[in-house]
Structures are given as C-alpha cells and as structure tokens.
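Note: hydrogens, waters and symmetry copies are ignored here, and every other heavy atom, side chains too, is used.
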Amino acid sequence: MTSAAPAPHTSRPPDPPLASGALRGKPLLLGVRHHGPGSARGVRAALEAARPAAVLVEGPAEADALVALAADPDMRPPVALLAHAVDDPGRAAFWPMAEFSPEWVAIRWALDHGAAVRFVDLPAAHTLAAADPTWRDEEEVTGGGPRIDPVAELAGAAGYEDAERWWEDVVELRGDGDPTAPFEALAEAMGALRETYGDGGHPRDLIREAHMRLKLRAARKEFGDSVAVVCGAWHVPALTRRTTVAADKALLKGLPRVKAELTWVPWTHRRLARRSGYGAGIDAPGWYGHLFAAPDRPVERWMTKVAGLLRAEDHPVSSAHVIEAVRLAETLAALRGRPRPGLDETTDAIRAVLCEGSDVPLDLVRDRLVVGDVLGEVPAGAPAVPLQRDLDRRRRALRLKPEVQERELGLDLRKETDGERSRLLHRLRLLGVPWGEPAAGRAGTGTFRETWRLRWEPELHVRVAEAGVWGTTVEAAATARAESRALAATALGDITALAEQCLLAGLGDALPVVMRALADRAALDTDVAHLAQALPALARALRYGDVRGTGTEALGEVAAGIAERICVGLPPACAGLDTDAAAQMRERLDAVHTAIGLLPDRPDLVDRWAGVLRRLADRDRTPGVLRGRAARLLLDEGRTADGEAALLMSRALSPGTPPADAAAWIDGFVGGASGGGLLLVHDERLLGLVDAWLTSVPAEAFTDVLPLLRRTFSGYEQGVRRTLGELVARGPRSGGPGPSAPGVPGFAPDPDPERADAVLPLLHLILGTEALA
C-alpha cells in the first residue's frame, strides 16, 4: 500500500467509488497495493474490460516523456524511475517497478493498446526540493493524527494479527473469481478509514492528492470519461472527493522546486525488499514475481523451482520430495484456514520435506528464490548524464557486466584488457562509485595480479550522477577529482594515499598537481609519525609502477627524501613513549621497514635504515617493545652476527630488567604475525632464554606481565604452540652465544644450502617469476 495519502475535508460528501468494469460515465479508479501481483492481475483485467483511452499512473509528473521507453524490447523490469536535482545530484529519489507492479502492468497495457499514459503524482521538482526527498518514507509526523498502516488496520478488523497474511488471503491467494472485485471492496474500506482517521498521519499527502485531482481533471477534459487511474488504494477516496480547482491549486501554490532530471535505471529484487520511495518494500519479491508469472498451480511450480535450486547445490531432492512438499503445504493451508498455500505454508513444507528440517538449505532458498538476484535492464537510449554514457561504453568495451550478485574478478595487469579494467575500477573508486572493491588480503600488495569483488547496486547510478560534476568521461572526472583532493588535503598521509590511487588508476595528468602538493606538504611536516604513515603508500607505488606503465621518477625523489628524514628523526621520536604510543610506533616501524625494502635502487637507504634499527635495539631509553622489534628485524635481514640475537635477548631478560619491560621486549621480538613462534621452535637457545626468564619472574609481578605474554603467544598457530609445549616439557637447552647445540631432534647445527636451493624451482612456479625472467 502506498504511504497513506490524506484527502482534504470538505462539507460535501464524496462520490461513491466506481466499480471496475465498464466506465459507466465516470473515470475508472483502481486502488492497488504497490508491488502486489494480485493487484497487477486485477488492473490488467479491469483495463481489458474497460478499454480506456488514457491511463493515469501514480508517479512523478515529469516522467511522461520516458513512458515510450517502457515498450523498448531492451527494457526488462525490475526498473525504477530515478529523479535527481541537476545542481545537487546526490538529492535523488526512486520510483521502483517490477514486472508484477500494478503501475508497470498499466503502463505496458496502455502502450500495447495505443492508450495515452500520464503520470499524475507531484512533480519530482517539488519532491526533491523538500528538506528530505524521501519524506514519504519518514517515520516522524509533523501535525495531523497518529500514523496508521491502512493494511494493518483492515487486517486487524478482520481478526488477523499479521497484515501480510491478511493481504495474501484476500487478494494474492484468491481463486479464479473476478480479479477486479477487490477494487470496490478496497475503495469502500479505504473510504471508511479516511472518515475515521482523516489523513492517517500523512499530512503531506494532501499536496500530492491535490495534484492528482488536477491531473485527473485535465485528462477528463482531453479524453472525456474514458480514463483509468492506477494509484495506491489509500488515495482513491481523495480522488473521488469533490473539491474546486482553486482549492487544489491553493495547496500547490508556493511549493519550493529545483531543476530535476529523470531517467530509467535498473533495479533489483533485493532493493524491492527494502522500503522504497513508495514506502512499500516487500519481503518476498521473488515469491510475488512467481505468483504473478504462474497464476495456475503456483505451489507445484514453486516446489519445482526449489527442487531445481537444491539439486544444483548437490542436495538430494527427488520427485517424491516435491509431491510430498506440495501435499504438506496444502494440508497446512487447510488447517490454518487459508484459501491457498501462502509463503508461510510453502516455506514450512520446504523446511520439513526438501530440507529435512535444516535451516541451512532453507536460507539458500530464501536468498535465491524468495528474494532473488534479478537485475533489470534499461535500453541504451534512456537519458543519462554524459559520465554514465562514457562508463557504459567503457564497461561494454571491457566486457564488464553489472551484476547484482557479488562475484570475484581476477586481473593480470600484464594483459592489456585486465590493465584497463583495473584502471577503470580504480578511477571509479576515486570518484566515490564503489562498483568494485579490492579483495581482502590482496588489496594494495602491488603485484601484477589483482582480485576485485564486483557488485552493482542501483544507488551507484546516483553516485555516477554526482560524480558527473567533475567531467564527462571517467578519466577526465577522476583526474579533476584527484586534483581537487590534492589541493584540499592537509594531512601528508592523505596526499600519499591519493598519489598511490592516481598511479593505480593511471591518471598521469593528475600526478603533477598531486606531486606538487605532496612535496610542499612533506617539506613542512616535521612529525615522524606522519612521515612514517605516508611512506608505505609511496613505496608500493614506486616498486610496482612499472607493471602499470606509469612514470614514478618525481615520486621516487619525494619518497627518498621522506625516508631520509625518518632515519634522522625516528630514534629520538621513540624515546620516552608510553605503552599505547609505543604499540602504535611499532606498527609504523614495521611499515617503514617494509617500505624501505621496496624502494628501488637505494641500497644506501637500506644500510642507513639498518643503522637506525641497531640504535633502537641498543638504546635503553627506547621502550622494550620497540627494542625487541628492532632486534627481530635485524635478525630477519641477516644483519646480526652469529649469536647476537641471543645476546640481545639475554640482556633484555636480565634480572635487573623490570618484568613488564622484559615482557614487552619479548612481545616485540616474537609477537605479532612475524613468525616468532617458528623462530622459537627452530632456535632452542632463544626458547631456553624465554623459558628461564619466565620461570624467574616473581609471583607478585607475574600477574602484571601475564596478559601481555598471553597476547604474544596466543597469536601462534595451534601446531606451533603444541611444538613449543613439547620442547619446554622436554627441557630446551639455554646455552650462551654460539650456534645451536648439536643433537637437537630434527635440526642440523648449520643450514644446508644445497637442500635450501632445491625449493627454488617450485617457488618460481608458484610466484610466476619465470614468466618475468
């Protein structure tokens, strides 16, 4: 049902509603429920019987110019009318229609039979000018009486607690009787509700109904009484009420307005399942679509669909299952006093018979069939902003099809088509149109492979319209947007991230502006934390820019300058940090270490960075977690002498070190996702040092260090923890500096280079480096 639309109160009684069938000298008023298949069938039957010369449909008045597109063979519902303000594209509203929507059925009937079609609702220019364009969907009420739900009121009067169940019983699941009969009953019932509740808590609909009456008068003047109106049943009493033209125009006088543009856009069943501009979201669009498309034997056909879906997912479902499910659904309907099995009965039968009592396959049925993944289509000739047309051209050329169901797309950036796809998706993200999102765990790795998760939502049409202010093509708009963001950015990290985005998107024309802003900001920023946060994005862009064919010379100079300033300022910045600040600095330390290793052709910076790590590892004023982390990074890079790691650990865990500081050192050295557990497994001297220190911690201090140690060791994999436990139970050696003691089960005293080199061919095959050689 539409949002309740109040009718103005006058002293004159309303004319009696007109029954469906012949026009009988008055307009044919068909009060419907939006997205109701029963209403849609009734509308089609009533129009076939009355054969009106004009059909008036509830919808924005400006949409008259778009009606002809509904007859285009490339138009496939669900679709929606999209209206947006020209000067503010983000101010938008939708009017969705499915194949089983009465409005869509009325439009198609009129086009197929040569009847005129007019939209009679308030123009979108006024709707979008409201403080909230979706005001028909809001919950709060300003003025008027309490807000009511007409369907719920009628269901309650009939003794139903569930309004949806009542509507299904009286409209959707009716037998083969007169499909137009409910229109008279609904009109009479809505008239009684309007007399009782007035505007029903929907005072703003007074304006909409005044406009509808004016449009109805104009249509009668043009076509006589051969006019049919398809609107929400709540509006019917307002359209039959006698008012004057002057009174209706007075309600419309002085309304704010904006310049609006309208077009058709694809819609989805999932979006129909939410509240829309009509305020009539439905929970089961797939089920309703099935009822409309299969009016004969709908239960049998539905069970067959479900069986096909479950079989495709390797669930054993036989014909006998389908027969028994149909029988159970019909039995449940009879026991519950329903005219036919509804969604509740079919769902209960599917759960009991086809899903054998499990809700897991039933959730699949609800997702795929009850709601569904149907995505509509609109013809290429539909009005669109230039940016949308360019996007459509690009995606067709790159064979990227919008889909409502999320799917993964793997790209090899060495291939021309995949490279263009990557650049398009990155440009759209920069414009705020997230059609694709980099897959978790693979985003930003900078390799020649990318994985995206693609999913098209109808709201992205609005995002594209908003982005149209930046340019008429995707590349030009993304370039202008990047330049604007560079000039407005104040944080160094924001500009470096933007520079990386420009390289990923292939926006060479935007890079000079971004680089100037980056150089200016980097020269002024003296905060080492900001510099450390900015460097990783630049390093990734530099390291892998050649894969995308983008120039990075200027970026390399800025990155090298930032790295040198970090090397100078990091040691003093690490002194005297509290626990939280030290934990944050540890993350930045890891990021900078990785970034400097990615800088191409700068061995001098790598050596200088190693000196910084050594200073951090040796300075007592540095927090324990940072000293431990620096020591671990030096060990991983092979820049510690034989046994030096054990010496550093021995000193950090000496009896004179406070237990909390020692625990922090251990966390920095072997904590996190750095493979610290495997390090302790393979070097029993380090494990022995940790074990000896842990057993010597005084009881009064153990409670304080336990949470940190538990966090450190709980991050290890279960197999690593089990092995460590076995080694500790056996009693690991804890000797001093020098190579690991011989005789440890499973380990040789020294690495075997020949055995290590044997894995290189397999690594080349896995990483694909042979293709690059």
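Between R389 and D392 there is no salt bridge, since no side-chain nitrogen of the basic residue lies less than 4.0 Å from a carboxylate oxygen of the acidic one. Between E459 and R463 there is no salt bridge, since no side-chain N of the basic residue sits under 4.0 Å from a carboxylate O of the acidic one. Ion pairing of R485 with E483 is absent here, as no side-chain N (NZ or NE/NH1/NH2) approaches a carboxylate O to less than 4.0 Å. Looking at R270 and D367, a side-chain N of the basic residue comes within less than 4.0 Å of a carboxylate O on the acidic one, giving a salt bridge.
For the residue pair H461 / E466, no side-chain donor-acceptor distance below 3.5 Å is found, with atom types taken as modelled. For the residue pair T479 and D509, no side-chain donor N or O sits within less than 3.5 Å of a side-chain acceptor on the partner. Side-chain polar atoms of T243 and R217 form a donor-acceptor pair below 3.5 angstrom.
Of all non-hydrogen atoms in V117 and D64, the two that sit nearest each other are O-OD1, 4.2 Å. Across C502 and A510, no two heavy atoms sit closer than the pair SG-CB, 4.3 Å. For L387 against V464, the heavy-atom pair with the smallest separation is CD2-O, 3.5 Å. For the pair P402 and L375, the tightest heavy-atom approach, listed with the atom from each and the gap, is O-CD2, 3.3 Å. For the residue pair P285 and L272, the shortest heavy atom distance occurs at CB-CB, 4.1 Å. Between E408 and R453 the shortest heavy-atom distance is OE2-NH2, 3.5 Å.
Between W104 and W264, the ring planes lie perpendicular to each other; the angle is over 60°, past the 30° to 60° tilted range.
Here the side chains of V67 and L111 are in contact, with some heavy-atom distance below 4.5 Å. Proximity of R481 to R427: side-chain heavy atoms (C-beta onward) are nowhere separated by under 4.5 Å. Side-chain contact between R108 and M75 is absent, with no heavy atoms from C-beta onward closer than 4.5 Å. Taking the side chain as every heavy atom from C-beta outward, W452 and E450 approach each other to under 4.5 Å. Contact of the C231 side chain with the V32 side chain is not registered, since no non-hydrogen atoms from C-beta on lie closer than 4.5 Å. Considering only heavy atoms from C-beta on, E58 stays 4.5 Å or farther from V229 through its side chain. Between L239 and V236 there is no side-chain heavy-atom pair separated by less than 4.5 Å. You'll find the side chain of L400 reaches within 4.5 Å of the side chain of L454, heavy atoms only.
Stacking of R455 on the aromatic ring of W435 is not recorded, the 6.0 Å distance cut-off and the 45° axial limit not both being met.
With values rounded to the nearest 0.5 angstrom, H35 atom NE2 is found 10.0 Å from R33 atom CZ. Taken from CG in L535 to OG1 in T496, the straight-line distance is 8.5 Å, to the nearest 0.5 Å. Atom-to-atom distance recorded for M212:CE and H235:NE2 is 4.5 Å, nearest 0.5 angstrom. Distance check, rounded to the nearest 0.5 Å: CG of L369 to NE2 of H269 gives 11.5 Å. Annotation: the span from E406 atom CD to E437 atom CD amounts to 9.5 Å, rounded to 0.5 Å. The structure places CD of E103 at 11.0 Å from CG of L30, a figure rounded to the nearest 0.5 Å.
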Note to self: Please determine whether side chain to side chain contact (heavy atoms under 4.5 Å, CB included) holds for the pair T451 and L411, giving the CA-CA distance in whole Å, both sets of side-chain angles, and the decisive distance to 0.1 Å.
What the structure shows: CA-CA 6 Å; T451 302; L411 300 178; over 6 Å; no
Notebook entry, point to check: Could you walk me through whether V55 and I107 pass the side chain to side chain contact (heavy atoms under 4.5 Å, CB included) check?
Noted result: CA-CA 8 Å; V55 177; I107 292 171; over 6 Å; no
Item checked: Verdict with reasoning, R395 to L398, per side chain to side chain contact (heavy atoms under 4.5 Å, CB included) -> CA-CA 5 Å; R395 69 168 180 78; L398 297 174; 5.9 Å; no
Next item on the list: Decide yes or no on salt bridge (Lys or Arg N to Asp or Glu O under 4.0 Å) for E222 and R118, but give the supporting numbers first.
Entry: CA-CA 12 Å; E222 182 179 357; R118 302 285 189 272; 3.5 Å; yes
Next item on the list: Check the pair R423 / E475 against salt bridge (Lys or Arg N to Asp or Glu O under 4.0 Å), numbers first and verdict last.
Entry: CA-CA 9 Å; R423 284 187 279 274; E475 181 176 3; over 6 Å; no
Item checked: side chain to side chain contact (heavy atoms under 4.5 Å, CB included) evaluation trace for S484 with W470 -> CA-CA 10 Å; S484 175; W470 298 105; 3.5 Å; yes
Next item on the list: Could you check K259 against D87 for salt bridge (Lys or Arg N to Asp or Glu O under 4.0 Å), going step by step and ending with a plain yes or no?
Entry: CA-CA 7 Å; K259 186 177 180 181; D87 297 332; over 6 Å; no
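Between the H113 side chain and the W109 main chain, a donor and an acceptor come within less than 3.5 Å of each other.
Around the CG atom of D112, the shell of radius 6.0 Å holds more than 12 heavy atoms that belong to other residues, nucleotides or ligands. Counting non-hydrogen atoms of neighbouring residues, nucleotides and ligands closer than 6.0 angstrom, the CD atom of E99 reaches no more than 12 such neighbours.
Taking the six-membered ring wherever Trp is involved, the centroid distance between the rings of W95 and F119 does not fall below 6.0 Å.
Residues satisfying the side-chain contact (heavy atoms from CB on, under 4.5 Å) test with R44, not counting sequence neighbours, are R41, V105, F292.
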